[in-house]
Chemist: 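Sharing a structure with you now.
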Amino acid sequence: MDYDIIVLGGGPGGYVAAIKAAQMNAKTAIIEMGNFGGVCLNWGCIPTKTLLKSAKVYQYILNSSKYGIDIDDLSNVNINWEKMLQRKKDVVKKLTSGVEFLLKNNKVDIYRGFGNVIDKNSIEVNGNRLSCKNIILSTGSSPNIPEIPGVKDGLKSGFVITSKEALELLKIPEKLVILGGGVIGVEFATLYSSLGTKVTIIQNMDRILEFMDHDVINEMEDILLGLGVEILYNTSIVKVNKTDLTIKDKDGERDIDADNLLISIGRYANMKGLEKLNLETYRRGVKTNEKLETNIPGVYAIGDLNGVFNLAHVASAEGIIAVENIMGEDKKIDYRKAPNCIYSFPEMAAVGYNEVDARNKFKDIIVSKLPLSANGKALAEGESTGFIKIIADKEYGEIIGVHIIAPTATDMVSEIVTTMELEGTIYDVARVIHPHPTISELVMEAAHGAVHKNKDT
Amino acid sequence: MDYDIIVLGGGPGGYVAAIKAAQMNAKTAIIEMGNFGGVCLNWGCIPTKTLLKSAKVYQYILNSSKYGIDIDDLSNVNINWEKMLQRKKDVVKKLTSGVEFLLKNNKVDIYRGFGNVIDKNSIEVNGNRLSCKNIILSTGSSPNIPEIPGVKDGLKSGFVITSKEALELLKIPEKLVILGGGVIGVEFATLYSSLGTKVTIIQNMDRILEFMDHDVINEMEDILLGLGVEILYNTSIVKVNKTDLTIKDKDGERDIDADNLLISIGRYANMKGLEKLNLETYRRGVKTNEKLETNIPGVYAIGDLNGVFNLAHVASAEGIIAVENIMGEDKKIDYRKAPNCIYSFPEMAAVGYNEVDARNKFKDIIVSKLPLSANGKALAEGESTGFIKIIADKEYGEIIGVHIIAPTATDMVSEIVTTMELEGTIYDVARVIHPHPTISELVMEAAHGAVHKNKDT
Amino acid sequence: KSEKPSLRKKVLATPVARKMAKDLGVDITLVKGSGTMGRVMKEDIKNFHSSDNKKK
Ligand SMILES: Cc1cc2nc3c(=O)[nH]c(=O)nc-3n(C[C@H](O)[C@H](O)[C@H](O)COP(=O)(O)OP(=O)(O)OC[C@H]3O[C@@H](n4cnc5c(N)ncnc54)[C@H](O)[C@@H]3O)c2cc1C
Ligand SMILES: Cc1cc2nc3c(=O)[nH]c(=O)nc-3n(C[C@H](O)[C@H](O)[C@H](O)COP(=O)(O)OP(=O)(O)OC[C@H]3O[C@@H](n4cnc5c(N)ncnc54)[C@H](O)[C@@H]3O)c2cc1C
């Protein structure tokens with residue numbers, strides 16, 4: 001046996017798993033055909049957030065008068081797109097080389113090339129066959145491309161793009177159409193409309209962000225409209241032409257033009273190189289149990305490949321759990337305690353049940369919601385759009401869901417995830433002395449509100 | 001008896017106490033001679049943070065090129081000081097009227113005027129004597145003024161100012177000298193140096209932020225120096241002249257000039273109107289026990305008046321505990337779980353023990369520290385100055401102190417305060433799935449680091 | 001001094017577990033915790049209670 005564990009794919013699932021394995025003294029190898037960090041560091045989480053920060057600064061400049069700063073003529077302010085992209089490249093480079101350093105430092109053997117799984121104990125890479133006791137598959141996902149006439153030609157000509165190309169356009173489009181109002185669609189709508197692009201989202205149902213809490217959906221729609229984004233509901237694309245597209249809604253068909261059409265309608269699991277394993281799959285990817293094991297003993301599937309949550313931190317958490325299980329521990333993943341975020345302006349962060357699901361699942365729940373406009377720090381920051389909503393079960397007051405829209409929502413939600421991990425209640429959170437003035441005081445006040453409501457009934 | 005509880009002073013201690021009392025069905029009155037919200041809403045927490053946000057936006061504009069935004073000529077960018085002050089006024093007004101609304105809404109009787117305490121069961125206001133079973137004193141604090149020759153005249157002429165005047169200067173000073181390198185001094189140094197003022201801090205010892213963790217002190221010094229602030233250590237003011245001052249250090253005396261001298265060397269408890277009670281006091285104010293009761297049964301003292309921590313959220317927490325104790329519950333304040341913050345660029349937030357105190361108090365501790373430059377979100381934001389440091393006791397891994405310098409530190413620290421409230425350990429926090437990319441991931445990673453260190457030894 | 005031997009050791013438990021133990025009359029010090037560092041979780045109280053009931 002060459003290795004105790006071979007990890008296939010060096011994204012946030014794979015590289016975290018490999019480091020964990022090595023730290024637990026397993027002889028470990030990782031195989032990566034592209035760049036370490038996978039989609040997340042190279043074309044996902046990090047590059048989008050880097051550009052979004054630039055867009056946020058640009059928005060501050062456009063709105064500076066509100067803060068008491070006068071700019072004589074806004075035509076003096078210009079986006080230097082090349083520089084923005086360069087900053088993104090620099091950040092990505094720093095982080096990906098950091099990952100490679102960490103892998104080497106932890107004595108993980110690195111193989112660069114396409115890994116072809118021969119059977120559950122061997123993988124071929126660059127003509128060499130490596131043997132191993134266990135395999136962790138973390139090959140990630142790729143964007144779905146719909147079968148719409150003209151899309152293939154559009155992809156070739158560069159008119160149709162995926163999130164990857166949207167991060168390295170030669171120039172900022174004047175008009176961008178986004179097919180799909182999920183998290184990625186919403187983030188790109190935020191990014192480009194903040195930079196001055198006229199953005200249209202085409203959505204095949206009557207709302208965006210399908211699985212989110214309805215209050216989040218409603219507020220996020222308002223936020224996007226406020227940025228000037230147009231959202232076409234119950235609309236589909238019939239045909240993609242050279243520089244425009246034909247859409248269809250209940251009133252019939254019409255053409256709209258665009259500089260680019262961004263496709264963001266979900267992702268499919270990367271199964272290339274895994275064919276020989278005969279893995280059991282389901283709609284979203286490779287089927288796994290709570291321990292992240294596939295139908296083949298000793299073979300684990302983590303991250304976007306199993307498709308439960310397409311989120312980097314979930315991939316990493318799964319990677320650690322898979323390794324711990326291989327090393328003889330008995331660990332399970334609890335997807336209810338995995339937060340999800342949107343890096344819009346303001347940000348959205350949520351964890352646990354949304355209100356409707358909570359009502360269906362629990363006998364009695366308490367819902368407490370407060371607007372950001374009731375918060376001193378939010379007013380001081382001049383950013384008081386948003387809310388915090390806490391959902392607790394009535395019996396013990398245990399927190400089972402939280403939904404936050406706030407400028408720092410993504411950093412705030414960790415308080416709640418930690419509380420849920422420790423089975424904390426609204427009574428606990430209401431008592432915690434939150435610093436003043438902070439937006440996180442609203443968490444405390446919403447918890448107070450929940451305690452009150454529970455008394456009344 | 002007119003009232004179950006009379007609250008004297010309508011700051012964040014008093015108004016929160018009054019509302020809590022009314023909500024617990026006590027017949028409650030509040031007496032306030034100035035504006036509701038006290039120092040905090042009117043001349044403290046809120047106005048400073050409002051101006052600091054404007055200053056932060058100004059800094060973004062000055063540094064926009066780093067984010068890929070070119071401004072042709074920075075002379076086109078001008079601070080409109082009047083507008084900045086107006087925004088501050090608007091925010092303050094909104095919040096103070098909100099407080100008054102809340103008091104009325106909760107059926108608290110409001111008396112406007114100076115309250116003179118006659119004895120432990122009666123207070124005189126506007127010539128009326130109100131009787132009550134319990135009194136909660138929350139008269140707050142005022143800035144210390146040192147007995148330096150020329151200071152009194154300087155205060156009259158407007159050359160010497162306190163934090164209150166520093167929030168409504170007619171123009172931004174070109175040169176500001178700040179006496180005292182505590183939290184308030186550091187925040188005003190941040191504010192004015194960000195707006196272009198040449199700031200000098202005069203400190204009578206060899207470091208700023210006396211009681212903070214030494215890593216915080218060192219990093220904060222670097223941050224201030226980076227903003228162009230000059231810090232004169234082991235220096236004192238000998239004499240204040242009309243437009244300059246004479247300072248003294250080990251090399252002797254010399255004159256430095258300034259547009260203003262800001263005094264921020266701590267605050268003293270407001271005892272006016274309390275004389276007849278014969279309250280026991282100590283160096284920092286009125287002496288209280290863990291239940292917030294003074295030496296006089298039925299009389300409680302909260303907030304800056306007892307001076308344990310001069311922090312608004314501590315005042316509010318004490319107010320609630322005082323009320324609960326009056327209403328027959330048995331509650332105690334735990335100051336170790338009260339966070340403290342500095343709204344510098346980046347922010348600082350801490351809770352619990354600093355490293356040196358932790359070493360003295362506990363037999364064995366674990367310290368885990370990570371720089372912000374190791375964090376993807378911080379790099380994406382272009383704001384990677386700072387660190388997070390977790391201190392845990394070795395036996396259970398319970399978290400006993402955390403020190404954070406980060407752009408969102410003040411919102412991040414609540415995760416740790418909650419963890420401490422729930423007696424969480426480094427093992428728990430390390431397992432919590434923190435969203436990616438966020439700065440709060442560093443909390444998880446520092447906890448991981450602590451777990452590792454604990455294994456090694 | 002040794003009236004409550006089970007209280008000698010500090011029990012790490014979640015707020016929900018503590019409340020549930022109180023409601024169900026379970027002595028939390030007797031429950032083996034499944035959480036990190038042996039923290040007693042609500043699941044542990046539930047399991048302890050139902051197996052306790054079966055014994056009776
Ligand atoms: C635009 C965008 C923004 C996003 N933003 C966020 C966000 O803010 N937060 C968040 O949590 N998630 C975000 N995501 C999702 C996140 O990027 C993914 O969930 C995450 O990257 C999944 O990690 P993974 O390790 O499973 O797979 P991937 O990151 O896809 O990595 C898989 C790796 O395996 C390699 N590989 C595949 N097959 C083979 C093979 N046969 N041999 C060798 N190597 C192989 C690939 O080259 C790749 O490097 C975003 C995604 C996109 C597209
Ligand atoms: C510049 C500055 C910035 C600050 N920033 C922060 C921060 O960011 N975060 C933080 O937590 N803390 C901050 N503080 C501290 C915070 O403001 C105080 O800790 C807080 O206001 C104390 O609340 P209090 O209710 O005890 O007293 P106060 O806020 O001082 O209120 C006392 C009230 O009592 C009234 N009063 C007094 N005597 C009488 C009487 N005899 N009759 C009738 N009315 C009376 C006064 O008019 C006043 O309204 C800051 C302070 C300053 C000066």
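Computed over heavy atoms, backbone and side chain alike; hydrogens, waters and symmetry mates excluded. Predicted, not measured: the structure shown is a model, and the values here were computed from it. Proteins get letters first, then strands, A, B, ... in listed order; numbering begins at 1 in each.
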Chemist: Check the surroundings of atom OH in A:Tyr335: do more than 12 heavy atoms from other residues, nucleotides or ligands lie under 6.0 Å from it?
Modeler: yes
Chemist: For A:Cys341, is it the side chain, the backbone, both, or neither that has a heavy atom closer than 4.5 Å to a heavy atom of chain B?
Modeler: side chain
Chemist: Go through the atoms of A:Val57 and report whether side chain, backbone, both or neither lie under 4.5 Å from a heavy atom of chain B.
Modeler: both
Chemist: Heavy-atom pairs under 4.5 Å with chain A - which of B:Asp90, B:Leu52, B:Val417, B:Ile320 has more of them than the others?
Modeler: B:Val417
Chemist: Flag the pair B:Val432 / A:Ser414 as yes when at least one side-chain heavy-atom distance between them is below 4.5 Å, and no otherwise.
Modeler: no
Chemist: For chain A, which of B:Thr408, B:Ile79, B:Val92 has the most heavy-atom pairs under 4.5 Å?
Modeler: B:Thr408
Chemist: Could you grab the distance from atom CZ of B:Arg336 to atom CD1 of A:Ile433, nearest 0.5 Å is fine?
Modeler: 12.5 Å
Chemist: Could you check A:Ile69 against B:Met84 for side-chain contact (heavy atoms from CB on, under 4.5 Å), going step by step and ending with a plain yes or no?
Modeler: CA-CA 8 Å; A:Ile69 300 155; B:Met84 257 184 211; 3.7 Å; yes
Chemist: If we define contacts as heavy-atom pairs under 4.5 Å, which of A:Leu41, A:Leu51, A:Ile46, A:Val351 has the most with chain B?
Modeler: A:Ile46
Chemist: So which of A:Asn76, A:Leu74, A:Thr50 has the largest heavy-atom pair count under 4.5 angstrom toward chain B?
Modeler: A:Asn76
Chemist: For A:Gln23, which atoms come within 4.5 Å of any heavy atom of chain B: side chain, backbone, both, or neither?
Modeler: side chain
Chemist: Would you please test B:His436 and A:Ser316 for side-chain contact (heavy atoms from CB on, under 4.5 Å) and show each step?
Modeler: CA-CA 10 Å; B:His436 178 78; A:Ser316 300; over 6 Å; no
Chemist: If you apply the rule side-chain contact (heavy atoms from CB on, under 4.5 Å), what do you find for B:Lys377 with A:Thr410, and how did you get there?
Modeler: CA-CA 11 Å; B:Lys377 182 81 183 314; A:Thr410 61; 4.0 Å; yes
Chemist: Between B:Tyr60 (side chain) and A:Lys56 (backbone), is there a donor-acceptor pair under 3.5 Å?
Modeler: no
Chemist: Within the distance-only criterion (no hydrogens, no angle test), does the side chain of B:Asp411 pair as donor or acceptor with the backbone N or O of A:Ser440 below 3.5 angstrom?
Modeler: yes
Chemist: Stepwise, does the side-chain contact (heavy atoms from CB on, under 4.5 Å) test hold for B:Val443 with A:Thr418?
Modeler: CA-CA 11 Å; B:Val443 174; A:Thr418 304; over 6 Å; no
Chemist: Tell me if the NZ atom of A:Lys171 is crowded by more than 12 foreign heavy atoms within 6.0 Å.
Modeler: yes
Chemist: Taking all heavy atoms of B:Tyr343 and all of A:Pro437, pick out the closest pair and write down the distance.
Modeler: OH-O, 2.6 Å
Chemist: Please rank A:Leu311, A:Asn80, A:Val314 by heavy-atom pairs under 4.5 Å with chain B and give me the top one.
Modeler: A:Asn80
Chemist: Please name the pair of heavy atoms, one in A:Ser64 and one in B:Ile61, separated by the smallest distance, quoted to 0.1 Å.
Modeler: CB-CD1, 3.7 Å
Chemist: Check each atom of A:Lys49 against the heavy atoms of chain B and say whether the ones under 4.5 Å are side chain, backbone, both or neither.
Modeler: both
Chemist: Find the one option among A:His434, A:Lys337, A:Glu383, A:Lys94 whose heavy-atom pairs under 4.5 Å with chain B are most numerous.
Modeler: A:His434
Chemist: Can you pull the salt bridge (Lys or Arg N to Asp or Glu O under 4.0 Å) pairs that have at least one residue in residues 66-85 of chain B, sequence neighbours excluded?
Modeler: A:Asp70-B:Lys83, A:Lys83-B:Asp70
Chemist: Compare every heavy atom of A:Val413 with every heavy atom of B:Pro435, then report the nearest pair and how far apart it is.
Modeler: CG-CG1, 3.7 Å
Chemist: Return the OH to NZ distance between B:Tyr67 and A:Lys53, rounded to the nearest 0.5 Å.
Modeler: 4.5 Å
Chemist: Side chain, backbone, both or neither: which part of A:Ile321 has an atom under 4.5 Å from a heavy atom of chain B?
Modeler: side chain
Chemist: Can you say whether B:Glu347 sits under 4.5 Å from chain A via the side chain, the backbone, both, or neither, judging by heavy atoms?
Modeler: side chain
Chemist: Counting only non-hydrogen atoms closer than 4.5 Å, does A:Ser65 touch chain B with its backbone (N, CA, C, O), its side chain (CB onward), both, or neither?
Modeler: both
Chemist: Report which part of A:Lys88 has an atom under 4.5 Å of a heavy atom belonging to chain B: side chain, backbone, both, or neither.
Modeler: neither
Chemist: Pick one of side chain, backbone, both or neither for A:Leu95, based on which atoms fall under 4.5 Å of a heavy atom in chain B.
Modeler: side chain
Chemist: Restricting to pairs with a member in residues 420-440 of chain B, which pass salt bridge (Lys or Arg N to Asp or Glu O under 4.0 Å), not counting sequence neighbours?
Modeler: A:Glu324-B:Arg431, B:Asp428-C:Arg39
